[in-house]
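Sequential numbering from 1 along the given sequence is applied to the chain's residues. Note that ligands are numbered from 1 as they come in the structure, with each ligand's atoms numbered from 1 the same way. Only this structure's heavy atoms are used, side chains among them; waters, hydrogens and symmetry mates stay out.
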Amino acid sequence: MHLMFLGAPGAGKGTQAKILEQKLDALQVSTGDILRKSIEAKSELGLKAKGYMDAGHLVPDDLMIELIGEKFAEPEFPKNWIMDGFPRTVAQAEAFDSLLTRLNEKLDYVVEVDVDRDLLVKRITGRRVCKNCQAPYHVTFNPSKADGICDYCGSTDIYQRADDKEDIVINRLKVYDEQTAPLINYYKAKNLLFRMDGNAPVEAVTNLILDIVSKS
Ligand code: AP5
């Protein structure tokens, strides 16, 4: 099962990928999470990426394409995967196509999670994230079951991302419209695109995705 999420910042890609990892026995490949861990570790990639991420810009394509190539080359990389945050530009999508062809793999579904713009801003500015396992929560819409404790790993280190402040969020949405939204037509032309309404509560959205995956 090879699934890819497309959608604006805050659409719920990470939330759904984390849930589906367990339900579909597939690995969530979140480039945002990988970059944040690299920043935390002060690795060369992290040092290069930090300025772009803090400003709400995309990290350059060559760095991202190299990162994904290395991830797929890891010996323990699994058969089933869910792409969350990659590709983000047409150049990345083309490089990903070449990588999959080289590996003799193919993409099964591209799910576009479509959410109203005003709701996106509310979702991102109220988001909190587990520092240990990156699970996303929302102070009102999607709190953890026990206050301040991660449902997935039990960590109490739950924080607000630096790029989740409103002025940066506005820039991230603009970058999405200009550089990532063209991928909707890119995957539509390949007959891989499934658009779904992501405005509903988390569980309802999960069920819509499971419907797509089970019927097609
Ligand atoms: P990344 O971490 O990928 O951020 P993003 O794409 O901006 O996506 P978000 O994490 O903001 O949103 P999401 O859709 O995952 O929403 P979530 O599930 O958390 O990237 C960060 C940065 O890294 C980029 O800006 C860029 O600089 C760089 N980067 C990463 N990949 C790159 C690439 N390929 N190329 C270049 N640069 C790259 O949900 C949001 C909130 O809503 C949460 O609080 C959640 O609890 C809540 N929520 C979710 N679903 C629902 C629901 N159905 N109902 C109510 N609340 C919900």
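- Side-chain contact between Tyr137 and Cys150: present, with at least one pair of heavy atoms (C-beta onward) separated by less than 4.5 Å.
- A cation-pi arrangement is present between Lys18 and Tyr152, with the terminal nitrogen or guanidinium carbon under 6.0 Å from the aromatic centre and inside a 45° cone about the axis.
- Atom 55 (C) of ligand 1 has Phe141 CB, 3.5 Å as its closest protein atom, hydrogens excluded (heavy atom only).
- The protein heavy atom nearest to atom 31 (N) of ligand 1 is Thr31 OG1, 2.8 Å.
- Crowding of Asp118 atom CG: a count of heavy atoms from other residues, nucleotides or ligands under 6.0 Å exceeding 12.
- For a threshold of 3.5 Å applied to N or O pairs, the pair formed by Gly10 and ligand 1 contains at least one separation below that value.
- Side-chain atoms of Gln134 and Ser30 include no donor-acceptor pair closer than 3.5 Å.
- A salt bridge links Arg117 with Asp177: the distance from a Lys NZ or Arg NE/NH1/NH2 to an Asp or Glu carboxylate oxygen falls below 4.0 Å.
- Contacts between Pro201 and ligand 1 below 4.0 angstrom, taking non-hydrogen atoms only, involve the backbone exclusively.
- Judged purely by distance below 3.5 Å, without hydrogens or angles, the side chains of Ser144 and Asp151 never pair a donor atom with an acceptor atom.
- Using a 4.0 Å heavy-atom cutoff, Arg36 is listed among the residues neighbouring ligand 1.
- Between Asp163 and Arg161, at least one side-chain N (NZ, or NE/NH1/NH2) sits under 4.0 Å from a carboxylate O, which counts as a salt bridge.
- For ligand 1, the atoms closer than 4.0 angstrom to any heavy atom of Gln92 are 33 (C), 34 (N), 35 (N), 36 (C).
- Every N/O-N/O distance between Ile124 and ligand 1 stays at or above 3.5 Å.
- For a threshold of 3.5 Å applied to N or O pairs, the pair formed by Tyr52 and ligand 1 contains no separation below that value.
- For ligand 1, none of its N or O atoms has an N or O atom of Met64 under 3.5 Å away.
- Of all heavy-atom pairs spanning Leu20 and Leu210, the tightest one is CD2-CD2, 3.7 Å.
- Remark: minimum distance from atom 43 (C) of ligand 1 to any protein heavy atom is reached at Tyr137 O, 3.6 Å.
- Summary of contacts: the protein heavy atom closest to atom 49 (C) of ligand 1 is Thr15 OG1, 3.3 Å.
- The nearest heavy-atom contact from the protein to atom 15 (O) of ligand 1 is Gly14 N, 2.8 Å.
- The protein heavy atom nearest to atom 24 (C) of ligand 1 is Arg88 NH2, 3.4 Å.
- No side-chain donor-acceptor contact under 3.5 Å links Asn171 and Tyr176.
- Note on Arg36 versus Asp33: salt bridge recorded, some NZ/NE/NH1/NH2 to OD/OE distance being below 4.0 Å.
- The cationic atom of Lys13 (NZ for Lys, CZ for Arg) does not lie both less than 6.0 Å from the six-membered ring centre of Phe5 and within 45° of the ring axis.
- Remark: minimum distance from atom 29 (N) of ligand 1 to any protein heavy atom is reached at Leu35 CD1, 3.5 Å.
- Here is the list of ligand 1 atoms found below 4.0 Å of a heavy atom in Asn142: 46 (O).
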Verdict with supporting geometry, Trp81 and Glu21, side chain to side chain donor-acceptor pair (under 3.5 Å): CA-CA 8 Å; Trp81 40 259; Glu21 246 194 337; over 6 Å; no

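- Remark: ligand 1 and Asp163 share no N or O pair separated by less than 3.5 Å (distance only, no angle test).
- For ligand 1, the polar-atom distance check against Gly85 finds a nitrogen or oxygen pair separated by under 3.5 Å.
- Of the candidates Gln134, Arg123, Glu203, Arg123 brings a heavy atom nearest to atom 42 (O) of ligand 1.
- Met53 CE, 3.8 Å is the protein heavy atom nearest to atom 22 (C) of ligand 1.
- Among Arg102, Lys190, Lys106, the single residue meeting the salt bridge (charged side-chain N to carboxylate O under 4.0 Å, His left out) criterion with Asp97 is Lys190.
- Heavy atoms of Ala11 come nearer than 4.0 angstrom to ligand 1 in at least one pair.
- Between the choices Arg128, His57, Arg161, Lys13, the shortest heavy-atom distance to atom 21 (C) of ligand 1 belongs to Arg161.
- The ring of Phe96 has its center closer than 6.0 angstrom to the ring center of Phe72.
- Of all the listed residues (Ala200, Ser144, Ala204), Ala200 holds the heavy atom that lies closest to atom 53 (N) of ligand 1.
- Ligand 1 places these atoms under 4.0 Å from at least one heavy atom of Arg172: 4 (O), 5 (P), 7 (O), 9 (P), 11 (O).
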